[in-house]
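The block underneath contains the structure these notes are about, expressed in structure tokens.
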Amino acid sequence: MTDTGTDPVTGTDPVTGTDPATDADPATDAAPRPLTVGGYAALAKDRLPAATWHYFQGGAGTESTVRANRAAYRQVRLRPRVLADVSRCDLSTTVLGDPIGAPLGVAPMAYHQLACADGEVATVRAAGGSGLRVPTIVSIFASRTFEDLAAEATGPLWLQLYWLHRRDVLRTVVRRAEAAGFRALVLTVDTPRLGRRLREVRHGFHLPPGIAARNLDGEVTGFLHDRQDGSSALARHADAFIDPSLSWSDLDWLREQTRLPLVLKGVLTAEDAARAAGLGIDGIVVSNHGGRQLDGSVATLDALPEVVAAVGGRCPVFLDGGIRHGTDVLKALALGARAVFVGRPVLWGLAADGEAGAREVLTLLRDELEDAMALAGRPSLAALGPELLARGPAAAAPNESYEDPDLRKGP
Ligand SMILES: Cc1cc2nc3c(=O)[nH]c(=O)nc-3n(C[C@H](O)[C@H](O)[C@H](O)COP(=O)(O)O)c2cc1C
Ligand SMILES: O=C(O)C(=O)c1ccccc1
């Protein structure tokens, strides 16, 4: 691309108004590969039906927690060390006993076929790709079967569960995943009912024909296809099938069904983390569901330190929510996360270019993390700790053109 005097702050070409990170190169008319994760958001927005885009992007209520997740990273600054021999950076680690190529993974998200035709098969191929080999948490509402995914995956697969009224269906699903070679169960505990997601209602989101929860054999999906104005089809779906009576004493039942490690997703406080660790839970995901559940709940990066302290090393602590840059990963690891999970950006990659797009998003985060480790003088994950961080006033506004603009707008 010729240099037309791109504005160094906005990244926008002052003459054409185009953004070189996301816009087509006028010389070839081929869209250059985005240089940041946010660039994939712009491509995805162009390609997806509006209702699907808003289903992906949306948070609950005012979306204050969606924004808080991002803002928390901007409030933490890095304290780089120098003269540290960073000729080799090692990003490999283990999670629940399995080796992985980088401390990242794919967060569970329902119905990847909304983003691309191959759905979760494209996702697990991308996550298993060369140099990555990272875990995918497969939603119980996945649109491809566990067996199809297991046949294609080269990274670990974990199964995310909601606490279904139908305990027999839950048991069958767990057995099937176990037989297919899944490596862990992740019980989502922040969703006794769905948060109020205004964008879904406004845009009448419903599942297109042909997309369904393939591992639930029609048990729970039917009426998600109905459009009824004025209420969220998804919220009705969740109310019908998710049992809000889930409490600590039910965890024993789940443990009796399986020998797989059990992880709780959606813990935000020291109190709950200490109780989970005391019960011998195998892992905790600090998550607010990407701001889609309780609007106003704490940002995940801000909740992480108290959870890590309460767990006291008894099990690994993971985090998701707002991870968009390698430096975000670095900050979470420095505060004690063993690995982080990425949600919406994977859907953006899938929507932009299927398996290749998802792989590019994950590879970009991996490569940015490696750059950040080298430049911070921390070539190994073991060397990361809170001394890497300084808390200060919020950082200067980010380079706007590289951020996902939709996450900064109201619903
Ligand atoms: C479209 C969409 C669907 C989701 N579906 C599920 C799900 O089925 N189960 C679940 O536990 N979390 C689900 N989540 C929450 C994610 O696992 C994760 O917590 C969140 O997206 C992380 O934040 P991020 O998108 O900012 O990276 C979903 C999130 C999105 C955006
Ligand atoms: O968890 C979610 O965010 C979500 O979108 C969902 C999808 C299907 C059923 C329940 C929740």
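Indexing begins at 1, ligand by ligand and atom by atom, following the structure's order.
- Considering Tyr162, Phe141, Trp348, Phe56 only, the shortest heavy-atom separation from atom 7 (C) of ligand 1 involves Tyr162.
- Under 4.0 Å from ligand 2, the heavy atoms of Leu234 that appear belong solely to its side chain.
- Side chain to side chain, Thr94 and Arg338 meet the donor-acceptor criterion of an N or O pair below 3.5 Å.
- An N or O contact shorter than 3.5 Å links Tyr162 to ligand 2 by distance.
- Close contacts between ligand 1 and Ser139 involve ligand atoms 7 (C), 8 (O) [criterion: under 4.0 Å to a heavy atom].
- For Thr136 against Thr123, the heavy-atom pair with the smallest separation is CG2-CG2, 4.3 Å.
- Among Phe141, Tyr55, Phe56, the residue whose heavy atom lies closest to atom 9 (C) of ligand 2 is Phe141.
- When all heavy atoms are compared, the tightest approach of Val86 to Gly377 is CG1-CA, 3.9 Å.
- Residue Arg70 does not touch ligand 1, judged by heavy-atom distances below 4.0 Å.
- If you look at Thr188 next to ligand 2, there are no close heavy atoms at all, none under 4.0 Å.
- A parallel orientation is assigned to the rings of His54 and His203, their planes being inclined by less than 30° (bins at 30° and 60°).
- Of all the listed residues (Arg292, Arg197, Arg344), Arg292 holds the heavy atom that lies closest to atom 1 (C) of ligand 1.
- Ring orientation note: the planes of Phe341 and Phe318 are nearly perpendicular, at an angle over 60° on the 30°/60° scale.
- Contacts between Glu200 and ligand 2 below 4.0 angstrom, taking non-hydrogen atoms only, are absent altogether.
- Note: an N/O pair closer than 3.5 Å links Asp320 and ligand 1 by distance alone.
- No part of Gln57 comes within 4.0 Å of ligand 1, judged by heavy-atom distances.
- No hydrogens or angles considered: a donor-acceptor pair under 3.5 Å links the side chains of Ser287 and Asp320.
- Of the polar atoms of His237, none of the N or O atoms is found under 3.5 Å from an N or O of ligand 2, judged by distance alone.
- Nearest to atom 11 (O) of ligand 1 among the protein's heavy atoms is Thr188 OG1, 2.7 Å.
- Minimum interatomic distance between Arg79 and Arg378 (heavy atoms only, all atoms of both residues): O-NH1, 3.0 Å.
- Aromatic ring orientation, Phe205 versus Tyr55: parallel (interplanar angle below 30°, classes split at 30° and 60°).
- Between Glu63 and Arg67, none of the side-chain N atoms (NZ, or NE/NH1/NH2) sits under 4.0 Å from a carboxylate O, so this pair counts as no salt bridge.
- The Leu194 neighbourhood of ligand 2 comprises atoms 11 (C), with distances under 4.0 Å to a heavy atom of that residue.
- For ligand 2, the atoms sitting less than 4.0 Å from at least one non-hydrogen atom of Ala110 are 7 (C), 8 (C), numbered in the order shown with element in parentheses.
- Contacts with ligand 1 closer than 4.0 Å are made by no heavy atom of Asn288, backbone or side chain.
- Taking distance alone, with nitrogen or oxygen atoms compared against 3.5 Å, Phe341 stays at or beyond that limit from ligand 1.
- Less than 6.0 angstrom separates the ring centroid of His237 from the ring centroid of Phe141.
- Defined by atom type and a distance below 3.5 Å, a donor-acceptor pair is missing between the side-chain atoms of Ser380 and Asp90.
- Across Arg133 and Pro156, no two heavy atoms sit closer than the pair O-CD, 4.5 Å.
- Across Gln160, Gln293, Arg292, heavy-atom proximity to atom 3 (O) of ligand 2 is greatest for Arg292.
- Contact annotation for Ser287 and ligand 1: only side-chain heavy atoms (C-beta onward) come within less than 4.0 Å of the ligand.
- Both the backbone and the side chain of His289 come within 4.0 Å of ligand 1, counting heavy atoms alone.
- Atoms of ligand 1 lying under 4.0 Å from at least one heavy atom of Leu347, given by number and element, are 1 (C).
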Give the table of side-chain donor-acceptor pairs shorter than 3.5 Å for residues 266-283, with sequence neighbours excluded, one pair per line with atom names and distance.
| unit_1 | atom_1 | unit_2 | atom_2 | d |
| --- | --- | --- | --- | --- |
| Thr269 | OG1 | Asp272 | N | 3.2 |
| Asp282 | OD2 | Arg255 | NH2 | 2.5 |
| Asp282 | OD2 | Leu262 | N | 2.8 |

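- Protein heavy atom at the shortest distance from atom 21 (O) of ligand 1 is Gly343 CA, 3.9 Å.
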Got a list of side-chain donor-acceptor pairs under 3.5 Å for residues 367-375, not counting sequence neighbours?
| unit_1 | atom_1 | unit_2 | atom_2 | d |
| --- | --- | --- | --- | --- |
| Glu368 | OE1 | Gly326 | N | 2.8 |
| Glu370 | OE1 | Arg366 | NH2 | 2.5 |

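- Looking only at heavy atoms of the protein, atom 12 (N) of ligand 1 is closest to Lys265 NZ, 3.0 Å.
- Polar contact check, Pro345 against ligand 1: no nitrogen or oxygen pair lies under 3.5 Å apart.
- Under a 4.0 angstrom heavy-atom cut-off, Met109 registers as lying outside contact with ligand 2.
- Between the OG1 atom of Thr327 and the CG atom of Leu365 there is a distance of 9.5 Å, given to the nearest 0.5 Å.
- Taking distance alone, with nitrogen or oxygen atoms compared against 3.5 Å, Pro108 approaches ligand 1 more closely than that limit.
- With hydrogens left out, the protein atom closest to atom 5 (N) of ligand 1 is Ala110 N, 3.1 Å, a heavy atom.
- Residues Val134 and Leu104 come closest through the heavy atom pair CB-O, 3.1 Å.
- Annotation for Gln293 and Asp190: closest pair NE2-O, 3.0 Å, computed over non-hydrogen atoms.
- Ranked by closest heavy atom to atom 20 (C) of ligand 1, the top entry among Gly321, Gly266, Gly291, Gly290 is Gly290.
- Protein heavy atom at the shortest distance from atom 4 (C) of ligand 1 is Met109 CA, 3.5 Å.
- Those atoms of ligand 2 that come under 4.0 Å of a heavy atom in His289, given as number and element, are 1 (O), 2 (C), 3 (O).
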